[in-house]
Amino acid sequence: MVQQVLVTGAAGFIGFHLSQRLLRQGDRVVGIDNLNDYYEVSLKQGRLEILQESDNFQFQQLDLSDRDGIARLFAENSFDVVVNLAAQAGVRYSLENPYAYLNSNLAGFLNILEGCRHHEVKHLVFASSSSVYGVNKKIPFSLEDPVDEPISLYAASKKANELMAHSYSHLYNIPTTGLRFFTVYGPWGRPDMAYFKFTRAIAQNQAIDVYNQGRMKRDFTYIDDVVEGVVRVMAKIPDPQGQSQARYKVYNIGNNQPVELLTFIETLETCLGKTAQKNLLPMQPGDVPITYADVDELMADVGFRPQTPLAQGLQKFVDWYQGYYKV
Ligand SMILES: NC(=O)c1ccc[n+]([C@@H]2O[C@H](COP(=O)([O-])OP(=O)(O)OC[C@H]3O[C@@H](n4cnc5c(N)ncnc54)[C@H](O)[C@@H]3O)[C@@H](O)[C@H]2O)c1
């Protein structure tokens with residue numbers, strides 16, 4: 001059955017790949033994005049140009065925090081599924097510009113919830129983040145672990161999204177699923193993230209800043225695995241859960257295989273055929289030492305777990321990088 005899907009943040013990294021996949025499977029996609037300049041806008045425009053090749057894709061430049069604009073968007077369309085990926089992302093930037101998180105992640109998300117409340121949306125899927133686990137010592141990070149101690153405003157905004165979504169799901173019977181993504185990487189990725197910055201610096205023979213002396217671990221997750229997970233979750237309406245009996249569920253989407261940053265850099269060096277000059281630096285405020293996803297519930301409910309090995313995914317990223325930037 002053809003679905004009409006709203007993808008917010010469609011010009012973003014994950015939103016672009018998800019929209020591409022939905023269009024390929026024959027769905028109709030309405031994409032919105034404010035095209036802000038947190039990172040190079042040309043990359044967002046490049047992604048949009050590809051999506052706009054499809055007649056089933058419609059784009060509107062719209063800000064999540066534009067209350068009337070979002071209300072109009074919902075009134076003028078009839079969305080089966082809403083996937084909210086637009087957000088101010090980035091842990092470190094939330095120390096510099098906290099109000100961006102208030103506007104996009106909190107006020108903006110409320111507008112999406114209100115849209116779902118007043119129109120018959122069959123399923124709301126939204127992006128949360130592994131950062132909600134804070135400095136959780138227990139690994140892998142399981143859905144039962146406490147997430148009450150965020151160590152950045154970004155993480156706090158994502159935890160707030162989970163709470164806001166739960167209340168709306170309960171009050172207005174909106175089937176809702178939150179996805180805690182773990183360090184997503186791949187072609188058309190995000191220039192503000194370490195893997196992208198490292199690639200750029202190594203390619204240009206510049207030194208890279210390696211925090212926590214390279215001893216932190218990340219559960220690097222390849223974009224195609226994330227998209228596969230999102231598409232399967234979109235089709236899985238949550239059963240009533242917990243004491244509230246809300247149709248509300250959260251999943252981890254991660255590779256379940258954390259890699260130390262120094263190992264990551266070695267893999268990248270192999271892909272690029274170049275050696276990195278490393279500035280080993282202390283841990284940054286807001287950063288966590290490890291992320292590691294327990295994906296058993298995802299596997300049990302939708303029959304899928306991310307599985308792309310880092311060396312394979314990273315080579316695809318590097319190939320794209322070299323082609324896109326002609327280096
Ligand atoms: N990439 C990751 O590793 C990762 C990890 C955990 C969580 N997430 C979450 O997944 C989602 C997608 O992330 P991404 O990596 O694609 O990031 P991204 O920055 O590439 O995409 C987000 C898009 O949303 C748009 N946007 C931001 N604020 C907006 C607003 N107020 N109104 C309209 N559009 C707005 C941006 O212009 C951007 O194109 C985000 O919610 C992010 O917090 C990503």
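Heavy-atom basis, side chains included; hydrogens, waters and symmetry copies ignored. When a ligand or atom number is given, it counts from 1 through the structure's own listing order. All residue numbers in this chain count up from 1 along the given sequence.
- Checked against the 6.0 Å centroid threshold, F317 and F196 count as a close aromatic pair.
- Listed as neighbours of ligand 1 are G9, A11, G12, F13, I14, D33, N34, L35, N36, Y39, K44, L62, D63, L64, L85, A86, A87, A89, S104, A127, S128, S129, Y154, K158, F181, T183, V184, R190, M193, each bearing a heavy atom under 4.0 Å from the ligand.
- For the salt bridge (charged side-chain N to carboxylate O under 4.0 Å, His left out) test with E297, the passing option among K249, R180, R305 is K249; the others fail.
- Distance CG/N97 to OH/Y38: 10.0 Å, rounded to 0.5 Å.
- A distance-only check finds no donor-acceptor pair linking the side chain of K159 to the backbone of S128 [under 3.5 Å].
- Salt-bridge check for E40 with R200: passed, with a basic side-chain N closer than 4.0 Å to an acidic carboxylate O.
- Using a 4.0 Å cut-off between charged nitrogen and carboxylate oxygen, E162 and K158 do not count as a salt-bridge pair.
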